[in-house]
Amino acid sequence: MASDTQRGIKGPAIFLAQFAGDAAPFDSLPSIAKWAADLGYRGIQVPVDPRFIDLDRAAESKDYCDEIAGTCREAGVEITELSTHMQGQLVAVHPAYAAQFDGFAPKALRGKPREQSEWAAGQVIKAARASRHLGLDVQVGFSGALAWPYLYPWPQRPAGLVEEAFAELARRWKPILDAHEEQGVDYAYELHPGEDLMDGTSFERFLEASGNHPRAAINYDPSHFVLQQLDYLGFIDHYASRIRAFHVKDAEFLPSARQGVYSGFSGWTDRAGRFRSLGDGQVDFAGVFSRLTLAGYRGWAVLEWECCVKSAAQGAAEGAPFIEAHLIQPTETAFDDFAGGQAPDRAALRAMLGLG
């Protein structure tokens with residue numbers, strides 16, 4: 001197991017959202033933390049779920065957050081980030097999707113999109129305060145979407161539609177990001193189809209609309225880029241300074257004569273692009289971990305398990321050793337240092353160049 005003082009990427013960790021449930025050990029923080037530790041995980045990414053955290057208390061009380069952190073340490077893990085994916089989604093919802101996302105909101109706000117958006121913004125801000133109380137520098141989640149129904153440019157989009165959508169998205173998020181600035185916490189958006197922030201170009205649109213906000217960051221997840229047929233390794237080089245969180249999730253894209261990226265409305269098992277358990281898909285994780293290490297990413301490697309073939313239990317059990325095997329301890333010396341000598345002075349250097 002990698003040392004706690006390692007200079008490289010930290011891990012392995014696991015995102016709890018896909019495993020949370022109403023039966024033990026998935027129904028409380030102490031029990032699910034122990035379950036994760038027993039599988040070999042050192043960190044847990046915690047969704048803002050009342051089964052795991054009282055957000056109102058966490059936003060107001062560092063003592064309460066210290067208790068939560070202590071519970072995790074006793075189990076053998078630490079909290080990597082708080083997740084507000086569902087709350088972030090509700091910050092901006094196009095009416096076409098309002099019924100599908102209604103279940104993300106409290107019952108009292110069902111069917112009230114404006115109130116849902118205001119509530120969601122407040123929750124994400126509270127989670128920023130809770131993150132600071134927990135000593136965390138990053139929160140992860142979704143952006144929400146207003147322009148998504150108009151992704152494909154047919155029928156032709158009227159001029160200004162996309163710009164107006166991103167201006168409104170930035171207007172809703174700027175107070176939230178400003179609150180994160182006050183707490184010294186980044187908000188790492190998971191770039192995800194269904195969100196207006198789904199790739200590098202859309203993220204850049206949002207940055208421009210938000211005044212290049214310093215707290216707008218990226219939760220890097222190569223699986224979503226495989227499904228979009230995007231250069232997920234080159235993405236790391238291009239956006240390294242904004243990558244502040246990392247979901248380790250696999251995927252495969254198997255186009256056929258019958259379907260491609262859009263997959264003809266097929267269910268997950270029949271789609272050309274599918275999420276898979278780690279090692280069962282097409283993501284070049286050796287390349288991903290190498291690029292992130294070279295780029296200076298020193299955050300957590302967090303398993304997000306979603307697979308249309310393998311069980312959650314098997315995926316979780318296999319995830320920790322898979323991530324562990326890909327962690328890199330950065331070298332502190334060049335591989336050919338043994339062949340070097342004492343550095344010559346300038347005169348000697350010029351002589352080597354024939355400059356006298």
Side-chain angles (χ1 to χ4, degrees), residues 17 20 47-60 82-132 139-152 155 157-183 185-198 202-213 215-219:
V48 174
D49 181 317
R51 286 172 291 202
F52 303 142
I53 185 171
D54 182 329
L55 184 57
D56 289 334
R57 286 186 66 192
E60 298 301 326
L82 295 181
S83 155
T84 49
H85 282 77
M86 291 195 298
Q87 294 86 353
Q89 179 73 67
L90 289 181
V91 170
V93 175
H94 188 280
Y97 298 101
Q100 290 166 270
F101 289 132
D102 217 29
F104 287 10
K107 289 183 179 179
L109 300 182
R110 304 282 168 85
K112 301 176 180 179
R114 183 184 297 275
E115 289 87 343
Q116 288 179 10
S117 178
E118 293 172 353
W119 170 83
Q123 293 288 292
V124 179
I125 290 172
K126 288 179 182 179
R129 296 203 296 267
S131 295
R132 176 47 51 219
Q139 182 185 175
V140 296
F142 285 148
S143 67
L146 298 172
W148 180 256
Y150 306 103
L151 176 66
Y152 196 80
R157 294 188 294 250
L161 178 69
V162 172
E163 291 76 9
E164 184 62 28
F166 275 84
E168 176 63 19
L169 190 68
R171 186 192 68 77
R172 296 187 188 192
W173 272 101
K174 191 172 184 305
I176 303 172
L177 293 172
D178 288 345
H180 279 70
E181 175 69 17
E182 292 174 4
Q183 299 300 325
V185 176
D186 291 332
Y187 195 87
Y189 295 97
E190 183 169 350
L191 306 184
H192 187 295
E195 312 301 315
D196 281 347
L197 276 58
M198 98 287 287
S202 56
F203 181 71
E204 289 175 18
R205 282 184 181 274
F206 179 74
L207 281 183
E208 182 179 3
S210 66
N212 203 39
H213 203 290
R215 292 299 170 180
I218 294 170
N219 177 23

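Everything quoted here is computed from the prediction, not taken from an experiment. Atom set for the values below is all heavy atoms of this structure, side chains included, hydrogens, waters and symmetry mates excluded. The chain is numbered in sequence order, starting from 1.
Ring geometry, Y97 versus H94: the interplanar angle exceeds 60°, so the pair is classed perpendicular (tilted spans 30 to 60°). Ring geometry for Y187 versus W173: interplanar angle of 30 to 60°, hence tilted.
Less than 6.0 angstrom separates the ring centroid of F101 from the ring centroid of F104.
Between the D196 side chain and the W148 main chain, a donor and an acceptor come within less than 3.5 Å of each other. A donor-acceptor pair under 3.5 Å is formed between the side chain of D49 and the backbone N or O of R51. In terms of modelled atom types and a separation under 3.5 Å, the side chain of R157 and the main chain of L151 share a donor-acceptor contact. In this structure, the side chain of R215 does not engage the main chain of L177 through any donor-acceptor pair within 3.5 Å. A donor-acceptor pair under 3.5 Å is absent between the side-chain atoms of Q183 and the main chain of R132, judged by distance alone.
One finds no salt bridge joining R129 and E182 here, because no Lys/Arg side-chain nitrogen approaches an Asp/Glu carboxylate oxygen to under 4.0 Å. Salt bridge status for E208 with R205: absent, with no side-chain N to carboxylate O gap under 4.0 Å. Electrostatic pairing of E118 and R114 does not count as a salt bridge here, judged by no charged N lying under 4.0 Å from a carboxylate O.
Contact between A105 and W119 at its shortest, heavy atoms only, is CA-CZ3, 4.4 Å. The two residues A128 and Q139 make their nearest non-hydrogen contact at N-NE2, 3.5 Å. Nearest heavy atoms, A92 versus S143: CB-O, 4.4 Å. For A130 against L82, the heavy-atom pair with the smallest separation is CB-CD1, 3.8 Å. For the pair F206 and A170, the tightest heavy-atom approach, listed with the atom from each and the gap, is CE1-CA, 3.8 Å. Shown here for V91 and A121, the closest heavy-atom pair between the two residues is CG2-N, 4.2 Å.
Inspection of the H213 and D178 side chains reveals an N or O donor paired with an N or O acceptor under 3.5 Å. Q123 and T84 share no side-chain donor-acceptor pair at under 3.5 Å.
Distance OG/S83 to CD1/I53: 11.0 Å, rounded to 0.5 Å. Rounding to the nearest 0.5 angstrom, the gap separating the CZ atom in F142 from the OH atom in Y189 is 13.0 Å. In this structure, the separation between NE2 on H85 and CD on E195 is 8.5 Å, given to the nearest 0.5 Å. In this structure, E163 CD and E168 CD are separated by 14.5 Å, a value rounded to the nearest 0.5 Å.
Between I176 and H180 there is a side-chain heavy-atom pair separated by less than 4.5 Å. Inter-residue side-chain proximity for L191 and M198 is flagged as unmet; no heavy-atom pair is nearer than 4.5 Å.
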Test log, rule side-chain contact (heavy atoms from CB on, under 4.5 Å), inputs V140 and E190: CA-CA 7 Å; V140 296; E190 183 169 350; over 6 Å; no
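When each of L161, L146, L197 is paired with F166, the side chain to side chain contact (heavy atoms under 4.5 Å, CB included) condition holds for L197 and for no other. Tested against D102 for a side chain to side chain donor-acceptor pair (under 3.5 Å), the candidates K107, Q116, K112 yield a single pass: Q116.
Few gaps surround CD on E115; more than 12 heavy atoms of other groups in view lie less than 6.0 Å from it.
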